[in-house]
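Every value quoted in this text rests on a predicted model; they were computed, and no experiment measured them. Sequence lines set the chain letters: A, B, ... in the order given, protein chains first and strands last, and positions in each chain run from 1.
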Amino acid sequence: MRRESLKAIRDMGIEPYPHEAFEVNTFSADIKESFEDDKAGEFENLKLAGRLMSKRGKGKAMFAELQDKKGRIQIYLRRDDICPGEDKSLYNLLIKRHLHLCDFIGIEGFVFRTGMGEITVHVQSFKLLSKTLRTLPVVKKDAEGNIYDAFTDPEQRYRMRYVDLTVNEGVRDVFVARSRTISAMRSFFDKKGWLEVETPILQPIHGGAAARPFKTHHHSLDIPLYLRIANELYLKKLIVGGYDGVYEIGKMFRNEGMDRTHNPEFTSMEIYVAYRDYQWMMEMTEQCLEAVAESVMSTTKVTAGDNEIDFKGPYPRLTMYEAIEKHTGFDISEMGEEDLRKLCDKLHIEVEPSMGRGKLIDEIFDEKVERNLIQPTFITDYPIEMTPLAKKHRSKEGLVERFELFVNGKEIANAYTELNDPIDQRERFEEQLKLAERGDDEAMAMDEDFLRALEFGMPPTAGLGIGIDRLVMLLTGKKSIQEVLFFPQMRPEKRDTEEEKED
RNA sequence: GAUCUCGUAGCUCAGCUGGCAGAGCAUCUGACUUUUAAUCAGAGGGUCCUGGGUUCGAUUCCCAGCGAGAUCACCA
């Protein structure tokens, strides 16, 4: 086994986990991109380090593949180069026998092209940098790109993401895209002069969204605290405080079901800009997403499933009523709760008695419209009942100034002209309390400190939230949120524990 | 939370109607100094997810549990 190899290596006087730095001076992909046969002389004394990903022994020589952060490159080791003297044990024992797949090695050598035409590093000196003790799955690929023995079990991949990242091609790229998405967005906002802030994750009142929270307890205060389901109210308090643009990119926590689009913790971006409204925010959203797609994928066009999606603005805008009329043929703008209930019946949509007018409209939209919105589309002007934190529509009775952006049949962003009238806000919270009494367990709780802040005055403000995980899913063409989270939530692994309970 | 499907070697998977547990890769031994899914010769490797039941006999059939995936419900 590998532990025996470890001992054998130490017995040879070689430290399998050396301390010294190994300074690389190039990467695999750089060599492959820039190598030209008539300039081979420029590709000498190159130092690379990484994991050994394949081994093809040829007796007194060997081909192998080294994987570094940029990809893989073939390396060629010859016994008489590695061991110029009489003692051939370094090659015979260390390399041939005790070097295993996924061990970390450092090499120095020059580049050449083999008879088969592959750009290869001819190794002149070799160092073991770190020994692995576990056998890793070996993924092989043939000339046509067919993959064999891939490490595919999703459970294993998510539980041992380090293995997934190492052996499965392309997995690391997804997370590079994720990181770039966030930094592109951050730099877009920073250039506008808006301030990145951090607000509490532990909150005494979980406000700003409709969802079940995680509950915890603070010992010395002896109070319950909730992991935030949203940060909206805190960010608006900062607008009250005088910043004219604040945003936060961070984790939210919702104690709800898990599936391929939901993880208990997820990353959201929320931004609030003073003296703006939702019309302006739609333009800003277009520019932002265009810039992000351009920066992450080098194009505004991405492929998601069977659809090609273009993030280039401007995006079509439809009101909620228009969208429903377009996809069902019914004009619901004048319908009351009873008529809507009948319509839902006719459309075979299940509803519950606790649902009010807004919730019914939401149901129709979810059932009949949402999945059809493939290209980025703004849906605007929502019923007031569903959105207690948005400002009433400037001209349309019963509506609020809100938009959601749908892409590939999924909501990706949500925004309002923020409600800054403290009296109206208090009434809206009271409406929510009534909904709660009716049995709507998602209704929002009253937040007195937030109301107090509004009473001190908040400028007209536009706010926007974007689900970062889902945006990354779109940009990378992944169908599940687990594919864009390093460590998606899983049930704890069952370990072999001794039974010690005796009653 | 509901329904369906799956769980066999380190990885990918066969295993028929119930009859001694299988393959490829990986690992180990040997050969091979430009191979590339390297090749050739040999070897080792299993709590068939767990616990019950039916049976002469269960990886296979039945029940329960655990874990995962898909679909749905809810949400972002």
Engineer: Mind checking if R134(A) touches a base, just sugar-phosphate, or nothing, with heavy atoms under 4.0 Å?
Structural biologist: nothing
Engineer: Write down the distance separating the C1' atoms in rU17(B) and rU60(B), rounded off to the nearest Å.
Structural biologist: 10 Å
Engineer: Determine the interatomic distance between P on rC4(B) and the same-named atom on rA37(B); round to the nearest Å.
Structural biologist: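 My reading of the P atoms in rC4(B) and rA37(B) gives 45 Å.
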Engineer: Now, which nucleotide makes the Watson-Crick or G-U wobble pair with rU29(B), with each of the two distances under 3.5 Å?
Structural biologist: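 Pairing partner: rA41(B).
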Engineer: Output, in order, the C-alpha distance, side-chain angles, deciding distance and verdict of side-chain hydrogen bond (donor to acceptor under 3.5 Å, both in side chains) for S54(A) and E65(A).
Structural biologist: CA-CA 5 Å; S54(A) 75; E65(A) 276 179 300; 3.0 Å; yes
Engineer: Heavy atoms only, 4.0 Å cut-off, all strands: where does N263(A) land among base, sugar-phosphate and nothing?
Structural biologist: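 Base contact - N263(A) has a heavy atom under 4.0 Å of at least one base atom.
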Engineer: Could you check whether E65(A) gets within reach of a base, just the sugar-phosphate, or nothing at all, counting any heavy atom under 4.0 Å?
Structural biologist: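 Result for E65(A) = nothing.
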Engineer: Give one of base, sugar-phosphate or nothing for E118(A), where a contact means two heavy atoms less than 4.0 Å apart.
Structural biologist: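 The residue E118(A) makes base contact.
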Engineer: Report the nucleotide, chosen from rU36(B), rA73(B), rC11(B), that has the shortest atom-to-atom distance to any side-chain atom of Q156(A).
Structural biologist: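 Of rU36(B), rA73(B), rC11(B), rC11(B) is nearest to the side chain of Q156(A).
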Engineer: Looking at rA37(B), rU36(B), rG67(B), which one has an atom nearest to any side-chain atom of D142(A)?
Structural biologist: rA37(B)
Engineer: Would you indicate what K140(A) reaches in the nucleic acid, counting non-hydrogen atoms under 4.0 angstrom: base, sugar-phosphate, or nothing?
Structural biologist: sugar-phosphate
Engineer: Give one of base, sugar-phosphate or nothing for G115(A), where a contact means two heavy atoms less than 4.0 Å apart.
Structural biologist: base
Engineer: Would you please say whether a donor-acceptor pair under 3.5 Å links the side chains of K55(A) and H100(A)?
Structural biologist: no
Engineer: To the side chain of Q74(A), which of rG69(B), rU36(B), rU29(B) is closest?
Structural biologist: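 Nearest to the side-chain atoms of Q74(A), counting from C-beta on, is rU36(B).
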Engineer: Are Y272(A) and E270(A) linked by a side-chain donor-acceptor pair shorter than 3.5 Å?
Structural biologist: yes
Engineer: Give none if rC20(B) has no partner; otherwise give the nucleotide forming a Watson-Crick or G-U wobble pair with it, both distances under 3.5 Å.
Structural biologist: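 Because no pair has both required distances under 3.5 Å, rC20(B) counts as unpaired.
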Engineer: Using whole Å, report how far CG of N255(A) lies from P of rG1(B).
Structural biologist: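 Result: 11 Å.
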Engineer: Would you mind classifying the nucleic acid contact of G465(A) as base, sugar-phosphate or nothing, using non-hydrogen atoms under 4.0 angstrom?
Structural biologist: nothing
Engineer: Sticking with atom C1', work out how far rC48(B) lies from rG19(B), rounded to a whole angstrom.
Structural biologist: 16 Å
Engineer: Take H98(A) and G57(A), find for each the nucleotide of RNA chain B with the closest heavy atom, and name the residue whose nucleotide sits nearer the 5' end.
Structural biologist: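 Residue closer to the 5' terminus by nearest nucleotide: H98(A).
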Engineer: Using only heavy-atom distances, determine whether the side chains of R402(A) and N414(A) contain a donor-acceptor pair under 3.5 Å.
Structural biologist: yes
Engineer: Base, sugar-phosphate alone, or nothing: which one does K58(A) contact when heavy atoms must sit under 4.0 Å apart?
Structural biologist: base
Engineer: Whether the side chain of D153(A) and the base of rA68(B) hold a donor-acceptor pair under 3.5 Å is what I'd like checked.
Structural biologist: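 No, the side chain and the base share no sub-3.5 Å donor-acceptor pair.
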Engineer: Base, sugar-phosphate or nothing for T152(A)? Non-hydrogen atoms, less than 4.0 Å.
Structural biologist: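 Sugar-phosphate only.
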Engineer: From the set rC11(B), rA26(B), rC74(B), return the single nucleotide nearest to any side-chain atom of P137(A).
Structural biologist: rC11(B)
Engineer: Give a yes or no on whether a salt bridge exists between R159(A) and E155(A), defined as a side-chain N under 4.0 angstrom from a carboxylate O.
Structural biologist: yes
Engineer: With a 3.5 angstrom cut-off on both distances, give the Watson-Crick or G-U wobble partner of rA9(B), or none if there isn't one.
Structural biologist: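 Checking every strand shown, rA9(B) finds no partner, since no pair has both distances under 3.5 Å.
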Engineer: Using 4.0 Å as the upper bound for N to carboxylate O, is an ion pair formed by E248(A) and R228(A)?
Structural biologist: yes
Engineer: If you measure from the C1' atom in rG45(B) to the same atom in rC40(B), how many Å do you get, rounded?
Structural biologist: 22 Å
Engineer: Checking base pairs now: Watson-Crick or wobble, both atom distances under 3.5 Å. What partners rA64(B)?
Structural biologist: rU50(B)
Engineer: Using a 4.0 Å heavy-atom cut-off across all strands, classify N414(A) as base, sugar-phosphate, or nothing.
Structural biologist: nothing
Engineer: Partner of rA70(B) by Watson-Crick or G-U wobble geometry, both contacts under 3.5 Å, or none?
Structural biologist: rU3(B)
Engineer: Consider the side chain of R260(A), meaning its heavy atoms from C-beta on, and name the nucleotide among rU35(B), rC11(B), rU71(B) that approaches it most closely.
Structural biologist: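 Per side-chain heavy atoms of R260(A), the pick is rU71(B).
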